[in-house]
Amino acid sequence: MLSLCASSFCSHLFVAIQHYVVTVAPAPLTQRSYQWNFALGLYKEKGNNKSQVSPYAVQSVYVSLGEERRGKTRETYRLRTNQAHGALTPISELPPPPTTLQTMYTGGTDNRPDPETGIVAGGHPQTRGDTELFSSSEEDSSLYFTYSGGRNEIEVSNLHYEVDTAAQIPWYEKLSEFKMPWEMKGDKQTAINKLNLRVCSGQMLAIIGSSGCGKTSLLDVITCRDEGGSMTSGQVLINGQPSNPKLVRKTIAHVRQDDRLLPHLTVRETLAFVAKLRLPTNFSQKQRDQRVDDVIAELRLRQCAHTRVGNDLVRGVSGGERRRVSIAVQLLWNPGILILDEPTSGLDSFTAHNLVITLSRLARGNRLVLLSIHQPRSDIFQLFDLVVLLSSGSAVYCGPAKDMVPYFTALGHPCPRYCNPSDFYVDLISIDRRSPEREAECLERARVLSAQFVEKVRGTDDFMWKPEEPSTTLEAITATQSATQEEVITISKQKDRLPGRLHQFTILIRRQVHNDFRDLVTLLVHGFEALLMSLLIGFLYFGAGEERLSIQDTVALLYMIGALTPFAVVLDVIAKCHTERAMLYHELEDGMYNVTSYFFAKVLGELPEHCVFTLVYGLPIYWLAGLNQAPDRFLLNFLLVWLMVYCSRSMALFVAAALPTLQTSAFMGNSLFTVFYLTGGFVISLENMWLVASWFSHASFMRWGFEGMLQVQFRGLKYPVSIGNFTFNIDGIHVVEAMDMNQYPLYSCYLVLIAVVVGFMLLYYLSLKFIKQKSSQDW
C-alpha cells in the first residue's frame, strides 16, 4: 500500500514538473543545473523478518538547461524521465545517465515528446529507464562539472616494459660505494608483461595490486614519465595517437601520490592562480572566477575555500581536503583524462571513500578516470566501473568490477562470504617472498591465472572479460558515450590560446610574493637574524668610543661584514629552494608555465626581501662601528654589501637547482663559500697565494667586495703611524696598496660583482632548463 501511494504521488509530481519544463520553463540558463531525484527505501519482506533498507528507484527527473564551458557557449538541452512500473530496480544496479548536456530531441519545431511513445516529431525516440547513479543522500548543491570535449580513449597494446635496477639508484648514492655512475650495472626486471587494456570516456578504471606489481610503472608509461626503464614492445595510444609528452600535456591531467602545493596560499587563491595560468586568454576574469567556483563546488571544498593549504610543517586543511585540492588543480583546465597515482594513500577509510565518490562523479562527467590503488575497501570497490588486477606486471583480470567475483568463481577461486573481494583476490595473486618455495608457488599461481585470462579475452576488441550475458553497466556506459559524442552540439570554434610568457611572469611573481609574505614567521626570523648579527658586531666595535678604529681593526671589521651574513643566506636559500623543488618539477612537467617566466618571477619576487634584509644588516653595524661618516661613502659601502649578499644568494640558487638533495646542495654551497672566503685576500695575502688559489681569488666575490670596501673607507683619510719615537700621518690608500688591494679601480669591483651575479644566475637558469631534478622523495 505504501509503495502504491508513493508511486501515485511521484507520478503526479512528475507530470507537473514535465508540464512546467516543456511549456512554461524560461529561456536556457548558463552555468546552472537542476536535479530532481525521488527515491523510496522499501523493506523487503522475507517471512517474518525484514531485510535491510535498500534504495529503490521510483521516479527520476533530470533537467539541465544550457552550459557555458571553456569560454564557449554550448546550447544543449536534455529532459530525462523514468517511471518504474511493476518490479522495482535498485538504483545501484541501474546504468547512469550521460552527464554531458546532450540534445535529446533534434527535429521539428515542437520539441515536446509524445506522452505515449516518447517520440518527438521528426526526432529521435526518448530513452526510458535512465536513472541517476547517486541517491539524493550523496548529492550536494554542487554542479556536475562535465567535460565538454569529445570522446577520449586510452589503449595499451601488448606492452612489455623493463626497469633497470641500477637506474633507480641516484648517482650520488652510487658514489657512496666508491664507484663511478657508469660502473654500476644492474639487472633488467620486467615491470609490465604483455599488458592489453582499453578504457574510454565515462569510465573509471582502477588498477589494483600489491606493492611492486607495476601499477605506478604503468601510469608512468602512459604519461611518458618513465625513467630508468625501456619499452621493449607494444605501444600506448591516446585517442588513436602514439603517446608523447606533448600529447600527454594537452589531454591528460596527472595527480601524483604526494601533494605539492604552496602552503601559505588559501585553497581559493591556489586555484585562482592556476586558473590564470591554465585557462585560455579569451576567458574573462568573471569566467575564471566561475570556473574556480564550479571546481570548488564539485570537489566539495566550500567549507575550506579560505583556509591555507598547509603542509607537514604549516597547519592548514586536512589530508583529504589537500588531496582534493591537488585534484582541483588538475581539474581546472577541464581535462578529458584524469590519472591518479594511489589517491587514497595516507587517508582514513571515510575520507578515501568520499574521495572515490568524487572521482566517480567526475567520470560520469564524460571523463576517463584511471587510478591505481592497493586494496580498496568493499564500498570503494563497488564504485569502480572497470578493474585491472596486476601481479608481477601481468594482468590476471581486466573487466567490469561487478563481474570479477563470478570470473574467479568460475576458475575455482570463489570469494568467501562476508569477505572483501579486492582483499581476497589481491592476496590470491600477491607474491610471498618469505621463502623460495612460497615465492615459486605464488609465481606459478599468478602465471596460470594470467594465462587463463589471456586465453579468455583472446579475440576481443577491448581486451575486457565479459560474462555470457553482457554486463548491463558496461553496455550502458558504451551507449552513453555514443549518444554523447553524436548529440553534443558545439557552436563556437574559437581556438584556445594559453597565456604567453610575459603574462605567466606577472602571474607567477604575484603568486611568489603572496606566498612569501604570508610566511610571516620565516620573514621575522630572517630579519631578527640579520639584526642580531649586526648588533653583535656593531657593539663589539662600539667600545672604541669616539676615537677612530685602528687600521687593523678596520680591516678585520670590513672583512667580517662581507663574510658573516652571506654564509647564513646560502643555507636559507638552499633550504627554501628544496621545499619548492617537487612542486616546480611537477608544474614544469605539466606545462603549466615556461622556465623563463618562473626564473624571472623567482629572482625579482625575492628582491624586496633581499633589500630589506641587507638594509637591516648593513645600517646598524656601519654607524655603531663609526666607519666613514660621509654619505657618499656609506652609499658606496652599502651597495658593495648588497652585491656581496646577492652573490651568495645567486650561488645558493645555482647549487640548489643543480644538485638533487638538500644535503648535497648544502655541502656544495658551503664548500664554494669556504673557497671564496679563504681566497678573499684577508686570510692570506694575494701575493702569497699559489697558482690555483689565485685563480679562485679572481672569481671570489669576497675578494672584490673586500677590496672595494677597503678603497671606500681608507681613501682620503689620514692615519697616524708610530715608528719608535716618531709619529707621522699617512694616506689610507697606502694601507690598501700594502695589502695589494689597489690593483684595480673602484668601479671594477662593482663590475666584477655584477658579473659574478650574472654568471651564477645564468648557471641557475641553465640548471632549471636542462637538469630535471626531482625531490628526494621521488627517487
Side-chain angles (χ1 to χ4, degrees), residues 172 262 508-509 512-513 515-516 519 522-523 525-527 529-530 533 560-585 595 598-618 640-680 696 699-706 752-776:
Y172 53 87
L262 292 177
L508 289 173
I509 195 172
Q512 177 83 24
V513 172
N515 185 71
D516 288 349
D519 190 6
T522 301
L523 292 178
V525 168
H526 289 171
E529 178 186 21
M533 288 189 293
M560 187 61 63
I561 290 175
L564 193 59
T565 293
F567 179 75
V569 168
V570 169
L571 298 180
D572 292 338
V573 171
I574 290 176
K576 181 179 179 182
C577 287
H578 275 275
T579 60
E580 301 173 354
R581 170 190 290 274
M583 186 198 69
L584 171 64
Y585 175 80
V595 172
Y598 173 81
F599 169 78
F600 284 106
K602 175 74 173 177
V603 172
L604 298 180
E606 293 182 347
L607 270 181
E609 178 186 355
H610 170 73
C611 293
V612 174
F613 180 86
T614 308
L615 186 64
V616 170
Y617 173 73
L640 286 169
V641 174
W642 191 94
L643 286 173
M644 292 175 69
V645 176
Y646 203 73
C647 283
S648 65
R649 178 179 290 272
S650 58
M651 180 187 71
L653 290 173
F654 159 61
V655 296
L659 297 175
T661 64
L662 175 61
Q663 292 78 10
T664 55
S665 297
F667 168 77
M668 183 58 66
N670 290 337
S671 301
L672 287 175
F673 186 85
T674 302
V675 170
F676 293 153
Y677 175 85
L678 295 176
T679 58
F696 281 106
S700 172
F701 58 87
M702 296 287 297
R703 176 256 175 100
W704 295 101
F706 180 51
V752 173
L753 289 175
I754 293 173
V756 171
V757 170
V758 173
F760 277 126
M761 285 298 179
L762 180 61
L763 292 174
Y764 173 52
Y765 175 79
L766 294 177
S767 299
L768 290 176
K769 186 78 173 179
F770 299 107
I771 303 178
K772 303 299 183 183
Q773 296 286 3
K774 299 182 181 180
S775 65
S776 58

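What you see below is based on every heavy atom in this structure, not just the backbone, and it leaves out hydrogens, waters and symmetry mates. Positions are given from 1 along the sequence.
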Inter-residue atom distance Q512.CD - F600.CZ, 0.5 Å rounding: 14.5 Å
Any residue meeting side chain to side chain contact (heavy atoms under 4.5 Å, CB included) with L762, in chain and number order, not counting sequence neighbours: L766
Partners passing ring-ring contact (aromatic ring centres under 6.0 Å, His included) against F599 (at least two apart in sequence or in another chain): Y764, Y765
Listed partners of E606 passing side-chain hydrogen bond (donor to acceptor under 3.5 Å, both in side chains), at least two apart: K576, K602, R649
Pairs touching residues 653-674 that satisfy ring pair (Phe, Tyr, Trp, His ring centres under 6.0 Å), sequence neighbours left out: F567-F673
Heavy atoms of other groups near M583 CE, more than 12 under 6.0 Å: yes
Considering all heavy atoms, the nearest I771-A657 contact: CG2-O, 4.3 Å
From CG (L753) to CZ (R703), nearest 0.5 Å: 11.0 Å
Partner set under side chain to side chain contact (heavy atoms under 4.5 Å, CB included) for L678, not counting sequence neighbours: T674, V683
Residues in side-chain hydrogen bond (donor to acceptor under 3.5 Å, both in side chains) contact with S665, at least two apart in sequence or another chain: H578
Straight-line distance of C577 SG to L768 CG, nearest 0.5 Å: 8.5 Å
Minimum-distance pair of heavy atoms, taken over all atoms of L508 and A601: CB-CB, 3.6 Å
Heavy-atom closest pair, residues M533 and Y617: CB-CE1, 4.3 Å
Minimum heavy-atom distance C647-F760, with the two atoms named: O-CD1, 4.2 Å
Minimum-distance pair of heavy atoms, taken over all atoms of I754 and L643: CG1-CD2, 4.2 Å
Euclidean distance, N670 CG relative to L571 CG, rounded to 0.5 Å: 5.0 Å
Pairs satisfying salt bridge (charged side-chain N to carboxylate O under 4.0 Å, His left out), at least one member in residues 563-573, at least two apart: none
V655 side chain reached by V570 side chain, heavy atoms, under 4.5 Å: no
Value rounded to 0.5 Å, distance of CE in M651 from CD1 in I574: 7.0 Å
Any residue meeting ring-ring contact (aromatic ring centres under 6.0 Å, His included) with F676, in chain and number order, not counting sequence neighbours: F701
Residue list, ring-ring contact (aromatic ring centres under 6.0 Å, His included) with F613, at least two apart or on another chain: none
R581 side-chain N/O to L662 backbone N/O, donor-acceptor pair under 3.5 Å: no
Close side-chain approach of L607 and Y646, heavy atoms under 4.5 Å: yes
V675 vs S700 side-chain heavy atoms within contact, under 4.5 Å: no
Which residues share a side chain to side chain contact (heavy atoms under 4.5 Å, CB included) with A666, sequence neighbours left out: none
Straight-line distance of T565 OG1 to E529 CD, nearest 0.5 Å: 7.5 Å
